[in-house]
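Order of the sequence lines fixes the chain letters, A, B, ..., with proteins taken first and strands second; residue numbering starts at 1 for each chain. When reading the values below, keep in mind they use all heavy atoms of this one structure, side chains included, and skip hydrogens, waters and symmetry mates.
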There are 2 protein chains.
Amino acid sequence: MGLNIKDIAKLAGVSPATVSRVINETGNVAEEKKQRVLKVLKETGYKPNALARGLLLNKTNVIGVIVPDLSNINFAEFVKGIENEAKLNGLGVLLTTSENDTDSEISYFQLFKEKRVDGIIFSGTIFTEKHREELEKADIPFIVFGQWFEHYKLICVNIDNEKAAYEATKYLISKGAKNLSMIMGPLWDRSAGYDRYSGFLKAVVEGGISPKDVVLEEGDFTIKSGYRAMKRILEKKNVDGVLAANDFMALGAIKYLVDMGMMIPDEVQIMGFDDNMISEIYNPSLSTVKINFYEAGRICVKAFVDRINNKPIENNILLPYELVIRGSTK
Amino acid sequence: MGLNIKDIAKLAGVSPATVSRVINETGNVAEEKKQRVLKVLKETGYKPNALARGLLLNKTNVIGVIVPDLSNINFAEFVKGIENEAKLNGLGVLLTTSENDTDSEISYFQLFKEKRVDGIIFSGTIFTEKHREELEKADIPFIVFGQWFEHYKLICVNIDNEKAAYEATKYLISKGAKNLSMIMGPLWDRSAGYDRYSGFLKAVVEGGISPKDVVLEEGDFTIKSGYRAMKRILEKKNVDGVLAANDFMALGAIKYLVDMGMMIPDEVQIMGFDDNMISEIYNPSLSTVKINFYEAGRICVKAFVDRINNKPIENNILLPYELVIRGSTK
DNA sequence: CACTCTCTTGAAAAGCTTTTCTTGAAATAA
DNA sequence: TTATTTCAAGAAAAGCTTTTCAAGAGAGTG
């Protein structure tokens with residue numbers, strides 16, 4: 001209870017410096033004294049105070065993590081990946097959720113600065129100039145997931161959303177879809193929603209379809225918004241191919257189509273983005289662009305570790321993705 | 001960059017003690033000096049070093065959290081609840097995942113001790129005597145979620161699993177199920193799996209059904225294990241009512257029944273435990289015992305806060321639950 | 001035998017904050 | 001004017017660890 005290194009030193013009949021040397025395996029210690037110290041260490045279950053250590057070494061072995069919402073299984077997977085990789089590197093994870101509220105996010109920067117975390121992994125829907133400013137003040141190594149943001153200090157980890165959306169749309173067209181539509185996410189600059197939209201458009205044009213003939217509706221990445229967007233789309237036109245900017249909206253769209261008695265994929269093909277557990281087991285199962293969020297989390301931590309170890313490292317890290325074809329497309 | 005309280009003091013022309021008094025709003029400070037300090041504080045964006053503060057005050061305002069797996073949406077919700085309530089109380093959350101590995105869990109106790117967290121919220125499938133021992137050594141306020149464990153120092157937060165399983169089974173019987181079966185979880189002592197099994201059995205006996213006529217199969221809480229368990233059950237007997245110890249196994253069971261062309265709920269009624277997003281949108285939707293994991297997380301933090309504030313508090317806290325009837329039962 | 005080198009070990013400082021103790025000044029009362 | 005009280009603010013200690021510096025002992029070499 002409340003033992004410190006002095007107590008251990010006294011119990012082992014040595015100086016605190018020697019105890020420290022034994023614990024951290026630094027410097028030479030006579031075998032006999034070493035054994036005495038180890039014995040006391042074991043008996044007492046003493047653990048060095050990370051606060052004092054951190055204060056002295058200016059290093060906490062903790063990374064701060066900001067995600068929008070753990071209810072979203074993708075972010076839960078992301079955090080899981082972070083946690084597992086952090087564990088491998090002897091790092092602790094200080095977790096916060098922002099619900100995409102910028103003020104919250106900024107206040108977390110402050111929190112992390114106070115707690116002297118060694119680095120921050122940030123995953124919000126949008127990283128703004130204001131974020132950058134505050135970040136600059138805090139001056140902590142920083143990893144952004146899911147968005148590109150040009151800054152020499154920033155490491156960005158992301159997939160090539162435009163290319164992925166392009167390929168997904170190409171696939172729909174190759175399977176005979178002629179009347180295309182897209183359920184888009186919010187179109188912030190440089191956001192995933194935006195990039196996916198432009199990839200979609202690129203494939204449309206390349207497929208010889210006029211952008212005017214395409215139906216666009218916007219959702220907010222939730223199942224419900226997908227349901228409603230699909231409704232609006234069908235009211236405008238009888239489409240036969242739908243790309244949704246994420247799986248939740250795609251699932252909502254499927255639900256609406258099923259409710260309306262449409263045949264999937266015979267009458268309408270539909271494709272999502274992200275891939276989560278539900279997409280696989282849903283009926284019909286959903287074709288999608290699979291992003292490995294777990295792996296993404298691990299990669300973020302690896303990038304951070306490399307950076308603080310001064311290993312040469314790209315500022316923009318591209319994640320792999322994969323088209324997964326299931327029951328909602330031909 | 002790297003400013004400390006002395007620098008601030010110098011910039012404002014006062015002593016560090018005065019700066020501290022301004023920041024913490026303790027003691028009297030002349031208005032003029034106070035303004036000077038506040039101005040410097042704002043300009044520099046200085047934040048006190050939580051390590052030094054924690055070292056001195058012996059308090060970090062951080063709680064350690066151990067959950068088995070964030071891939072499980074229930075635990076993700078649980079953590080979300082913890083995080084949100086922690087935020088309200090000015091607490092940080094140090095998150096770890098154990099994958100139900102006892103050694104990992106114990107090593108996290110050590111980590112938390114090193115980091116001097118103010119408390120630990122533990123949610124594993126099983127809390128053993130070994131856990132208790134290590135815990136005793138660490139001597140940190142401790143909350144256990146999802147299991148009862150008699151110990152004067154421990155706060156346990158849980159639902160009455162036996163009662164809930166009893167009621168769920170009663171419901172199946174009341175809707176005409178006569179050939180009952182249960183897909184159980186692992187039967188560790190005092191675990192949720194065990195309590196749910198005994199509640200099931202109680203209702204069976206009370207319903208005038210012989211325990212011999214009941215088909216029992218064990219799973220491991222995953223979808224796949226539910227699928228396989230349902231297969232084994234049907235090979236033994238044509239049942240018309242199934243209680244699964246959690247939703248994932250229930251969903252796996254439904255999947256198997258659908259694959260076999262059985263009608264739900266006409267031929268077989270099925271009921272799960274927990275309630276998660278998938279259960280609601282699955283086809284058919286799953287009747288279940290709804291546990292509010294988000295709220296559970298909040299309650300754990302509240303209990304912790306009350307405990308360290310020396311408010312009188314129950315050592316065993318009972319969570320509410322609710323029977324949610326959907327498409328998989330009559 | 002004298003000298004140098006290596007190996008051990010302890011003392012002390014640094015890292016940053018909060019709080020107690022003290023002192024000085026100002027204000028009030030006699 | 002003198003004595004007493006109140007307020008303001010600084011100095012210093014405590015909290016715990018790691019590392020540098022210095023010193024002492026022992027071994028090896030000429």
Side-chain angles (χ1 to χ4, degrees), chain A residues 1-38 40-41 44-62 90 110-118 139, chain B residues 1-38 40-41 44-62 90 110-118 139:
Chain A
M1 238 115 312
L3 286 178
N4 63 23
I5 201 171
K6 272 189 190 172
D7 299 320
I8 304 300
K10 206 172 286 174
L11 285 171
V14 298
S15 74
T18 300
V19 176
S20 176
R21 280 189 270 257
V22 171
I23 291 174
N24 300 298
E25 297 180 337
T26 139
N28 295 323
V29 176
E31 190 58 29
E32 183 233 4
K33 292 200 180 187
K34 188 174 167 183
Q35 292 306 328
R36 280 215 313 264
V37 171
L38 286 174
V40 174
L41 246 30
T44 56
Y46 165 80
K47 291 284 162 198
N49 186 326
L51 298 173
R53 191 183 241 164
L55 184 57
L56 187 64
L57 304 182
N58 209 23
K59 197 178 166 216
T60 51
N61 292 320
V62 170
Q110 321 271 4
L111 173 75
F112 289 154
K113 189 177 175 187
E114 265 186 52
K115 300 276 191 237
R116 298 302 197 263
V117 299
D118 293 339
D139 193 41
Chain B
M1 238 117 312
L3 287 177
N4 63 24
I5 202 170
K6 272 189 191 170
D7 299 319
I8 304 299
K10 207 170 287 175
L11 285 170
V14 298
S15 73
T18 300
V19 176
S20 175
R21 280 188 270 257
V22 171
I23 290 174
N24 300 297
E25 297 181 334
T26 138
N28 295 324
V29 177
E31 189 59 27
E32 184 234 3
K33 293 201 179 186
K34 188 174 167 185
Q35 292 307 327
R36 282 216 310 264
V37 171
L38 285 174
V40 174
L41 246 30
T44 56
Y46 165 81
K47 291 284 163 199
N49 186 325
L51 297 172
R53 192 183 239 164
L55 184 58
L56 188 65
L57 304 181
N58 209 24
K59 198 178 166 213
T60 52
N61 292 319
V62 170
Q110 321 271 3
L111 174 75
F112 289 154
K113 189 178 176 186
E114 264 186 54
K115 299 277 191 235
R116 298 301 198 263
V117 299
D118 294 339
D139 193 41

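For the pair B:Lys113 (side chain) and A:Gly45 (backbone), a donor-acceptor distance under 3.5 Å is present. A donor-acceptor pair is defined here as one N or O able to donate and one able to accept, closer than 3.5 Å; such a pair exists between the side chain of A:Lys115 and the backbone of B:Thr60.
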Under 4.0 Å protein heavy-atom contacts per nucleotide of nucleotides 8-18 of chain D, with B for base, S for backbone only and - for none | SBBB--BBBBB
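Residues satisfying the side-chain hydrogen bond (donor to acceptor under 3.5 Å, both in side chains) test with B:Asn61, not counting sequence neighbours, are none. When the side-chain hydrogen bond (donor to acceptor under 3.5 Å, both in side chains) test is applied to B:Arg36, the partners found at least two apart in sequence or on another chain are B:Glu32.
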Could you list the donor-acceptor pairs under 3.5 angstrom formed between side-chain atoms of residues 2-10 of chain B and any protein atom two or more places apart in sequence or on another chain?
unit_1 : atom_1 : unit_2 : atom_2 : d
B:Asn4 : OD1    : B:Lys6 : N      : 3.0
B:Asn4 : OD1    : B:Asp7 : N      : 3.0
B:Asp7 : OD2    : B:Asn4 : N      : 2.9

What pairs of donor and acceptor atoms, side-chain ones from residues 16-25 of chain B against any protein atom, are under 3.5 angstrom apart with sequence neighbours left out?
unit_1  : atom_1 : unit_2  : atom_2 : d
B:Thr18 : OG1    : B:Ser15 : OG     : 3.3
B:Ser20 : OG     : B:Asn24 : ND2    : 3.3
B:Asn24 : OD1    : B:Arg53 : NH2    : 2.6
B:Asn24 : ND2    : B:Ser20 : O      : 3.0

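Residues A:Arg116 and B:Asn49 form a side-chain contact, since some pair of their non-hydrogen atoms from C-beta on lies under 4.5 Å apart.
For the helix from C:dC1-D:dG30 to C:dA30-D:dT1, the end axes, each set by the C1' atoms of five terminal pairs, are bent relative to each other by 50° (nearest 10°).
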